Structures are given as structure tokens and as C-alpha cells.
K.L.:
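Submitted below is the structure of interest, expressed as C-alpha cells.
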Amino acid sequence: SQTTMASAAEVAYTLQGVALDLREDGRRRLDCRPICLEVGVFPQTNGSSRLTLGKNSVLVGVLAELSEPDPAVPKAGRITV
């Protein structure tokens, strides 16, 4: 494991932002990014959602099917990713 130290300029920049109560993206220290949660994004799935936090997004879809159990393990379920 390698640790990278911040330069003196990076430390000064960060401390100045804290002192001015300002982040690089314009938010204040205690401001949250906008959050949006959508459900039912894909109609062909049993469940789907999109979570957007600022400019980042996570998209999830779930499709469930009933099938016969594996004869070798009849009481175990299956998950396919």
C-alpha cells in the first residue's frame, strides 16, 4: 500500500476553502448535493430504480423468474448476475 501526501499548495487550497466555507463546486461546507430517486425506470423488469446524487447516478434493475430447483440442491435458490 502506498500513501500519497498532499502538497503544501493542496493543503493551503483546502484550508482556504474551509475558512471561506466554500467547496470547489460552489457548495458551502454543509450543503448537500441534490438527490433524486426514481422508481419503475424500466417497465420490462420486476423492479428498477435510479438514484442521482449531484452528477453521479446509480441504475438498478431486477428481473425475477420462477424456475425448477437444481436436483442436486432442491432446497436452495439461485441468483444469476
Side-chain angles (χ1 to χ4, degrees):
S1 173
Q2 185 178 2
T3 303
T4 303
M5 301 300 290
S7 70
E10 291 169 318
V11 171
Y13 179 80
T14 301
L15 292 175
Q16 183 181 18
V18 170
L20 295 174
D21 191 23
L22 185 63
R23 296 188 200 190
E24 188 174 280
D25 62 4
R27 289 180 293 140
R28 301 177 79 87
R29 282 184 297 140
L30 300 178
D31 288 346
C32 294
R33 293 182 179 125
I35 298 173
C36 179
L37 177 62
E38 304 166 72
V39 295
V41 179
F42 295 120
Q44 64 271 33
T45 62
N46 295 101
S48 61
S49 64
R50 176 185 301 136
L51 173 67
T52 305
L53 179 61
K55 295 179 182 179
N56 301 305
S57 247
V58 177
L59 185 61
V60 177
V62 176
L63 181 62
E65 295 179 358
L66 292 177
S67 63
E68 294 293 322
D70 185 335
V73 283
K75 294 186 180 191
R78 293 184 204 184
I79 296 178
T80 305
V81 179

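From a predicted model like this one, the values you see are computed outputs, not experimental measurements. No hydrogens, no waters, no symmetry mates; every other heavy atom, side chains included, goes into these values.
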K.L.:
Please report, to 0.1 Å, the donor-acceptor pairs under 3.5 Å made by any side chain of residues 11-22, with sequence neighbours excluded.
P.N.:
unit_1 : atom_1 : unit_2 : atom_2 : d
Y13    : OH     : E24    : OE1    : 3.3
T14    : OG1    : E10    : O      : 3.0
D21    : OD1    : R29    : N      : 3.0
D21    : OD1    : R29    : NE     : 3.2
D21    : OD2    : R28    : NE     : 3.1
D21    : OD2    : R28    : NH2    : 3.1

K.L.:
Identify the two heavy atoms, one from S48 and one from V41, that lie closest to each other, and give their separation to 0.1 Å.
P.N.:
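Smallest interatomic distance, heavy atoms only, reads OG-N, 2.8 Å.
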K.L.:
Kindly write out the residues that satisfy salt bridge (charged side-chain N to carboxylate O under 4.0 Å, His left out) with R23, not counting sequence neighbours, or none if the list is empty.
P.N.:
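By the salt bridge (charged side-chain N to carboxylate O under 4.0 Å, His left out) rule, R23 matches no residue at all.
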K.L.:
Could you list the residues that satisfy side chain to side chain donor-acceptor pair (under 3.5 Å) with N46, not counting sequence neighbours?
P.N.:
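Partners of N46 by the side chain to side chain donor-acceptor pair (under 3.5 Å) criterion come out as none, since no residue qualifies.
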K.L.:
The criterion is salt bridge (charged side-chain N to carboxylate O under 4.0 Å, His left out); which residues satisfy it with R33, sequence neighbours excluded?
P.N.:
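Expected list: none.
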K.L.:
Under 3.5 Å, which donor-acceptor pairs link side chains of residues 51-65 to any protein atom two or more places apart or in another chain?
P.N.:
unit_1 : atom_1 : unit_2 : atom_2 : d
T52    : OG1    : S57    : OG     : 3.0

K.L.:
Taking all atoms of both residues into account, what is the closest heavy-atom pair of R27 and D31, and its distance?
P.N.:
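Closest approach of R27 to D31: NH1-O, 3.2 Å.
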K.L.:
Going by salt bridge (charged side-chain N to carboxylate O under 4.0 Å, His left out), name the residues that satisfy it together with D70, two or more places apart in sequence or in a different chain.
P.N.:
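If we apply the salt bridge (charged side-chain N to carboxylate O under 4.0 Å, His left out) test to D70, skipping adjacent residues, there are no hits.
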